[in-house]
Amino acid sequence: MTPYRAVIGLAGHVDHGKTLLIKALTGITTARAHEQAIGMTQDLGFAHFDDGQGNTIGVIDVPGHERYIRNMVAGLWSLDLVLLVIAADEGWMPMTGDHLRLLKAMGVPRLVVCINKCDLVSPDELALLEESLLERVMDESGMVPDIVSISAKTGENMAALHTAIVGQLADLPASHAAREQGSPRLYVDRVFTANGTGTVLTGTLQQGSLKVGDKLRLYPADREVQVRSLQAYHQSVEEIGAVCRVAVGLKKVPHKEVARGHCLTSAAGQCEAATHLIVRLNGESLSGKALRTQEVEVALGSWHGRARFVPIKDTRLARLLFANPIPCFFGQPLAIIRHGSSELLHGARIVWCGDIHPARRKTLHTLLGELPDPLDRYNPATLQLGLNGYVLASHFDTRPEQVTPLGDWLLDSHWLAQSRDQLLATLKSEPLSAAELATRFGIALPVTQALLQQLKSEQLVRLHHDKWQPGSGESEDDLGEEAQLVLKVVRDQGKEGYEPGKLGPGGVELDPFITRKLPAALQQGLQQKGALQKQLRNLARLKYLVQLDGPIYYDAVLYNQMVAAVLAGQQVGDLIDMASLKEITGLSRKYAIPFCLRMEMDGWVRREENERRVLRLPQTQDALLQEPA
């Protein structure tokens with residue numbers, strides 16, 4: 001059989017013998033000195049044992065007293081199995097029920113009821129207790145547990161408990177490889193500083209694997225960290241896989257920047273740092289008294305804290321609003337606890353991470369209401385596709401039905417047709433940049449750009465002067481990097497015009513902002529003899545630029561704007577003097593004369609001594625402004 005690793009936990013009422021049971025099972029005392037002095041576990045304790053078949057089983061001891069319920073929940077999130085410990089002489093206690101409801105809410109998959117202190121009651125009393133506990137656990141959790149009666153103090157029946165644990169975990173090897181292949185996921189439950197190592201965090205590696213040197217992400221800060229050292233069950237290792245208790249030393253991470261509840265994962269781990277969650281509650285739809293906004297406490301992973309609970313009427317959904325971002329995952333179980341007590345209000349699973357615009361909430365709630373009950377195999381990217389109409393193709397291993405691939409994206413086919421029509425209709429009324437279109441329609445900029453490129457390939461739109469407009473022909477984004485740089489430099493000169501050689505060696509003083517983005521070889525290419533002039537002439541041929549005598553180069557749109565201003569209000573045959581022309585265009589004599597010569601060459605005017613006679617007018621002012629020179 002393939003070896004595996006697992007982590008189990010002990011839960012139950014205070015003083016029912018959990019810590020002594022762990023020592024009997026593992027030989028390790030988990031209670032700290034001060035906890036032994038008061039006879040009460042206050043925080044998580046850790047141990048481990050070998051099951052005799054080469055498998056290492058980690059063990060977490062959780063506090064039983066209601067004052068430490070938050071610490072208790074922090075130990076539940078990653079467990080493969082829980083032993084619900086109940087003292088034979090006391091039986092079911094209030095915290096027994098609280099713990100059972102919490103471990104169900106946190107999604108613990110396996111349960112063994114362990115009746116401890118069986119040496120303190122008679123066999124008949126023990127048999128009656130076993131029967132009543134089995135019935136109660138089934139009623140409250142829906143689980144059918146094994147029940148084992150033992151005495152941690154005398155060692156009675158410990159072998160049977162060991163057998164029950166190993167039997168419950170027998171199906172783990174089948175899923176072990178898949179769990180190790182996922183992205184690493186570790187919620188931090190302790191942080192300390194070790195001499196020679198620096199900051200060390202501990203937690204349960206619930207999936208994936210870790211190795212020394214790995215670069216990972218630490219949430220909610222979403223900062224990169226690197227693994228300096230690894231230890232598993234007091235042994236230094238170079239690599240370790242799930243599921244396992246791990247101590248991780250981090251390089252150059254201050255102790256104060258890591259805390260219980262933080263999550264260590266990879267960039268591909270799909271962790272979100274969110275202040276808004278939508279959760280699906282276990283049970284019936286909310287109605288009546290349940291529809292009350294209130295402050296609650298939330299436990300997920302090893303994190304716990306306050307949140308504002310906002311129920312969503314006639315659904316099983318509720319919003320949770322947090323003061324600060326918390327690390328979380330789609331489908332993750334959590335517990336919602338009454339503020340200031342140990343009462344579990346709701347068990348739930350996360351179905352949406354992040355805020356949502358109020359106008360889109362109804363659509364999202366409908367989609368969330370259609371989610372399947374088991375979320376383990378559901379891809380949350382399907383929600384994004386349904387809500388937005390598009391999603392990154394990398395989020396799917398198998399392409400869904402009724403989608404169209406477009407570059408890095410998958411687009412809902414109906415949404416694609418509708419969006420294309422909207423873009424084309426909008427551009428017919430006014431040219432807009434890709435960023436303006438993305439903002440207007442609420443579409444991610446990369447998707448908007450991909451849609452525009454598709455329309456351009458069909459000769460339905462083109463980019464002109466940084467604006468998309470209907471029609472075919474030359475499109476600015478097809479220009480090479482050098483040509484785009486030269487075009488920007490000319491446009492930045494405005495009415496000063498651009499004269500090769502005017503701005504320094506090589507013919508162009510590159511804009512510093514652009515220079516930082518260009519490879520040195522590209523800058524040098526523009527400064528080679530004749531390269532700049534070639535680019536200028538080509539841009540003029542493509543009608544992005546207009547060449548005046550000098551030579552002086554103007555942006556074509558700017559030139560057309562000045563021509564339109566000069567001809568505005570004129571009639572064919574009217575005379576325009578030079579003073580009026582200079583006033584209208586704002587040009588000095590140095591530039592006004594070459595400008596007039598270009599107007600003459602384009603057939604707009606004819607020179608008559610010191611005046612220009614209007615020969616023709618544009619059909620409309622807008623037509624002149626939109627057409628190249």
Side-chain angles (χ1 to χ4, degrees), residues 5-11 18-19 22 26 28-36 38 40-48 56-65 67-80 82 106 184-208 210 212 214 216-221 223 225-237 240 242-265 271 299-305 326-328:
R5 289 173 292 274
V7 177
I8 69 174
L10 279 73
K18 296 186 295 297
T19 303
I22 289 177
T26 69
I28 298 171
T29 299
T30 58
R32 300 157 186 85
H34 71 278
E35 292 175 325
Q36 295 181 46
I38 63 174
M40 181 190 298
T41 299
Q42 296 175 307
D43 205 347
L44 303 178
F46 307 101
H48 63 279
T56 302
I57 312 298
V59 183
I60 299 179
D61 185 13
V62 303
H65 198 284
R67 282 183 293 174
Y68 307 110
I69 194 74
R70 285 91 189 144
N71 292 344
M72 177 264 181
V73 176
L76 290 179
W77 79 275
S78 60
L79 300 180
D80 297 300
V82 165
M106 296 298 284
R185 184 180 299 182
L186 182 152
Y187 270 97
V188 177
D189 50 44
R190 292 177 61 215
V191 186
F192 57 91
T193 302
N195 290 333
T197 302
T199 297
V200 178
L201 57 85
T202 69
T204 300
L205 181 61
Q206 192 259 350
Q207 68 175 43
L210 297 174
V212 174
D214 275 352
L216 302 169
R217 308 297 300 182
L218 184 65
Y219 290 85
R223 62 167 292 181
V225 297
Q226 188 169 15
V227 177
R228 183 174 189 171
S229 63
L230 286 172
Q231 216 179 68
Y233 303 121
H234 309 298
Q235 299 291 322
S236 293
V237 294
I240 192 69
V243 170
C244 185
R245 291 291 306 170
V246 183
V248 184
L250 298 180
K251 283 186 177 180
K252 299 179 181 178
V253 177
H255 173 273
K256 64 181 180 180
E257 293 186 12
V258 189
R260 173 178 282 187
H262 288 187
C263 185
L264 189 66
T265 182
C271 186
L300 75 160
S302 60
W303 185 93
H304 75 267
I326 60 168
C328 54

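Since this is a predicted model, take the numbers as computed values, not measurements. Worth knowing before you read on, the calculation uses all heavy atoms, side chains too, and leaves out hydrogens, waters and symmetry mates.
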> Does Arg228 have any salt bridge (Lys or Arg N to Asp or Glu O under 4.0 Å) partners at least two apart in sequence or in another chain, and if so, which?
Replying inline: none
> For the residue pair Leu300 and Pro327, what are the closest heavy atoms and their distance?
Replying inline: CD1-O, 4.0 Å
>> To check you understand the geometry: which heavy-atom pair defines the closest contact between Ala11 and Val82, and what is its length?
In response: CB-CG1, 4.1 Å
>> For Tyr187, give me all partners under ring pair (Phe, Tyr, Trp, His ring centres under 6.0 Å), at least two apart in sequence or on another chain.
In response: Trp77
> Is the shortest heavy-atom distance from the side chain of His262 to the side chain of Pro220 under 4.5 Å?
Replying inline: yes
> Below 4.5 Å, heavy atoms only, C-beta onward: do Leu264 and Pro184 meet side chain to side chain?
Replying inline: no
> Arg245: what forms a salt bridge (Lys or Arg N to Asp or Glu O under 4.0 Å) with it, not counting sequence neighbours?
Replying inline: Asp189
> Does any N or O in the side chain of Asp80 come within less than 3.5 Å of the main-chain N or O of Ile8, such that one atom is a donor and the other an acceptor?
Replying inline: no
> Between Ile22 and Ala47, what is the shortest heavy-atom contact and its length?
Replying inline: CG2-CB, 3.8 Å
> Is any side-chain heavy atom of Val248 closer than 4.5 Å to a side-chain heavy atom of Leu216?
Replying inline: no
>> So, taking the atom named CG in Leu230 and the one named CD1 in Ile240, what distance separates them when rounded to the nearest 0.5 Å?
In response: 8.0 Å
> Any donor-acceptor pair under 3.5 Å linking the side chain of Thr199 with the backbone of Val253?
Replying inline: yes
> Between atom SG of Cys263 and atom CG of Leu186, what is the distance when rounded to the nearest 0.5 Å?
Replying inline: 7.0 Å
> Atom SG of Cys328 and atom OH of Tyr219: how far apart are they, to the nearest 0.5 Å?
Replying inline: 10.5 Å
> Between Thr193 and Gly198, is there a donor-acceptor pair closer than 3.5 Å when you use the side chain of the first and the backbone of the second?
Replying inline: no
>> Working to the nearest 0.5 angstrom, can you tell me the gap between Phe46 CZ and Ile60 CD1?
In response: 5.5 Å
> Nearest 0.5 Å, what's the CZ-NE2 distance between Arg5 and His48?
Replying inline: 13.0 Å
> Which pair of non-hydrogen atoms, one from Ala247 and one from Val200, has the smallest distance, and what is that distance?
Replying inline: CB-CG1, 4.0 Å
>> Treating Ser302 as the side-chain partner and Arg260 as the backbone partner, does any N or O pair qualify as donor plus acceptor under 3.5 Å?
In response: no
>> So, taking the atom named CD1 in Ile28 and the one named OH in Tyr233, what distance separates them when rounded to the nearest 0.5 Å?
In response: 10.0 Å
